[in-house]
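Working notes, beginning with the structure itself.
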Amino acid sequence: MATTKIIYFVVDGRPEQAEFPSDCPAQDVKEVFRAAAEAGPYDILKLYNTKGNMINISPKLESNIRQTQYKLEVVAADCKTNSLGSELAAALGFDLSAMEKRLQALEKKILVDSADMPSVMYEMRNRVESFRDKLESVEHLSWLGLFKELTEGTNKPSPFYHKRSLRKTKEECQQVMENYLHMRQWEDAEIMVLLQLMYIDLDFMSKFNIEIEVLQQFLFEVYRHYNNIPFHNFKHCFCVTQMMYGLIWLTDLQNKMDDIDILTMLTSAICHDLDHPGYNNAYQINARTELALRYNDISPLENHHCSVAFKILEKSDNNIFRNLTTEQFKRIREGMIKCVLATDMARHNEILNQFRSIMPVFDFNNKKHKDVLTMIIIKVSDISNEARPMDVAEPWLDCLLQEFFNQSDMEKLEGLPVSPFMDRDKVTKPSSQTGFIRFVLLPLFIELANLFPNLEQHIIDPVRKALDYYTEMENALEMEKLNRTGSSQSDKIGKPVENQEESKRVQIQLSQTKP
Ligand code: 5GP
Ligand code: MN
């Protein structure tokens, strides 16, 4: 019978592990390692054991443990080593790409040595280029394999295509389609690029003279200071920031508020959960942690997130605000503190009521009004998972519950009060969402959509759908419970949790951490 093998190895400094049945075809085993190394079809893979001996990548590979992991190396395919490159070089009597490389190096040297490029260099470059054009467009030279059929509308197969190595393999295409349809998780480095793009796209780089290296360093420090915990991690930081970025565009905020306030909002979103330990304020206060002591039980986590943000910004290499005036920095600092502290859910009703009271006379020229709006927008972004497509939102709920359950387990262990909405014996996915959506998400989102009606389709419609989905799930669970206990189906079905009870539960979630 085939057994499953787990092979531990490291590639590019990254620990990886491969799993395959012992009767797996050799080619498939190789493909697994090729994928892990992100190697192309022509790259050569070399696997070494702990003694430094090269070993064969095959289904017969000996299983190992992390301590005796193998080392995988990729030898990149060079254009000269692929068959077309060498065939062409042999046919021409010289290697065109090598010649272009030499020319480039020469150009670079000349540009460095004497700011101007001499005309002879221009002429040389033109000659190489026109030679390449000729090879690519003259049909009777097609045997060289560089000819490109440029005429549109012709079905005549170009001699170019007889080189199979240039065509994508079926497996290669299937892999891309698989990735495309079932989008893999973005990697952290890619997420950092996306965050960087938001600053570029909102024109902050030029408006606030932010150097790209400083932004990159800042984003790296932010990444470093998010912990590996189920929910409040770097990906949550990205989701909140991306929602903020989306809302900025959807509400046309750049035409309604100052750029510096928008920069403050985006940066606040990025920083809003820095160094979250995975245990909420109630735990901090009840367990009398270092943070609760430092901040006297007043929003200990949010105070900490914000403090970490400004510690990162203290270092000039990370300080994206270093080219601003003292006045501008002061304004951003005040704004960021306001925004990050507003994410404490214990202040939810206070902030929402403040917004409700100014809504009838909301004025974009009134600083106080704008301050409340920025707090509302970061709050909306912070709890916006349910506004995302279901297949994105539901795994986030699993992560949140995992973090909640970790906390309640710890509270039980330490003999601390257990938050009921975190207790794995009391909470289910639907019971955690129906009340939260009804009494927290919808009232907040509806209030923001009153000011920006076009938001309805983006944040309210999907949340209503999520409510239907979880209500149905709750009914199904209730039905199952009734069937199991054998009780008669009462009229409870359809409204398994009374509104009052639900509302009470949510209020506990919102108010338990109030100092
Ligand atoms: P954060 O801790 O992320 O700054 O603030 C948001 C808080 O709101 C979370 O810690 C969590 O308690 C609550 N929250 C956010 N999204 C959801 C959700 O989808 N369901 C529930 N039940 N609570 C949520
Ligand atoms: Mn958050």
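Keep in mind that what you see is a predicted model, and the values were worked out from it rather than measured. For ligands, and for the atoms within them, numbers begin at 1 and follow the listed sequence.
- No side-chain donor from either of Glu414 and Asn286 sits under 3.5 Å from a side-chain acceptor of the other.
- Within the sub-2.8 Å shell of the Mn ion (ligand 2), the protein contributes these N/O/S atoms: His236 NE2, His272 NE2, Asp273 OD2, Asp382 OD1.
- With sequence neighbours left out, the salt bridge (charged side-chain N to carboxylate O under 4.0 Å, His left out) criterion links Glu31 to Arg34.
- A salt bridge links Glu221 with Arg224; the closest basic N to acidic carboxylate O contact falls under 4.0 Å.
- Taking a 6.0 Å sphere around CD of Glu472, one finds it holds 12 or fewer heavy atoms contributed by other residues, nucleotides or ligands.
- Annotation: Lys71, atom NZ; neighbour count of heavy atoms from other residues, nucleotides and ligands within 6.0 Å does not exceed 12.
- Judged as a ring-ring contact (aromatic ring centres under 6.0 Å, His included), not a single pair has a partner in residues 445-471 (not counting sequence neighbours).
- When the shell of 6.0 Å around CZ of Arg356 is examined, it contains more than 12 heavy atoms from other residues, nucleotides or ligands.
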Would you mind listing each N/O atom of ligand 1 next to any protein N/O under 3.5 Å, plus the distance?
unit_1   : atom_1 : unit_2 : atom_2 : d
ligand 1 : 2 (O)  : His232 : NE2    : 2.7
ligand 1 : 3 (O)  : His232 : NE2    : 3.1
ligand 1 : 3 (O)  : His236 : NE2    : 3.3
ligand 1 : 3 (O)  : Asp273 : OD2    : 3.3
ligand 1 : 3 (O)  : Asp382 : OD1    : 3.1
ligand 1 : 4 (O)  : Asp273 : OD1    : 3.3
ligand 1 : 4 (O)  : Asp273 : OD2    : 3.4
ligand 1 : 4 (O)  : Asp382 : OD2    : 2.8
ligand 1 : 5 (O)  : Asp382 : OD2    : 3.0
ligand 1 : 12 (O) : Gln509 : NE2    : 3.2
ligand 1 : 19 (O) : Gln433 : NE2    : 2.9
ligand 1 : 20 (N) : Gln433 : OE1    : 2.7
ligand 1 : 20 (N) : Gln433 : NE2    : 3.4
ligand 1 : 22 (N) : Ser432 : O      : 3.2
ligand 1 : 22 (N) : Gln433 : OE1    : 3.3
ligand 1 : 23 (N) : Gln509 : NE2    : 3.2

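- Within 6.0 Å of NZ in Lys207 there are more than 12 heavy atoms belonging to other residues, nucleotides or ligands.
- Remark: the Arg331 side chain and the Gln328 side chain contain no N/O donor-acceptor pair separated by less than 3.5 Å.
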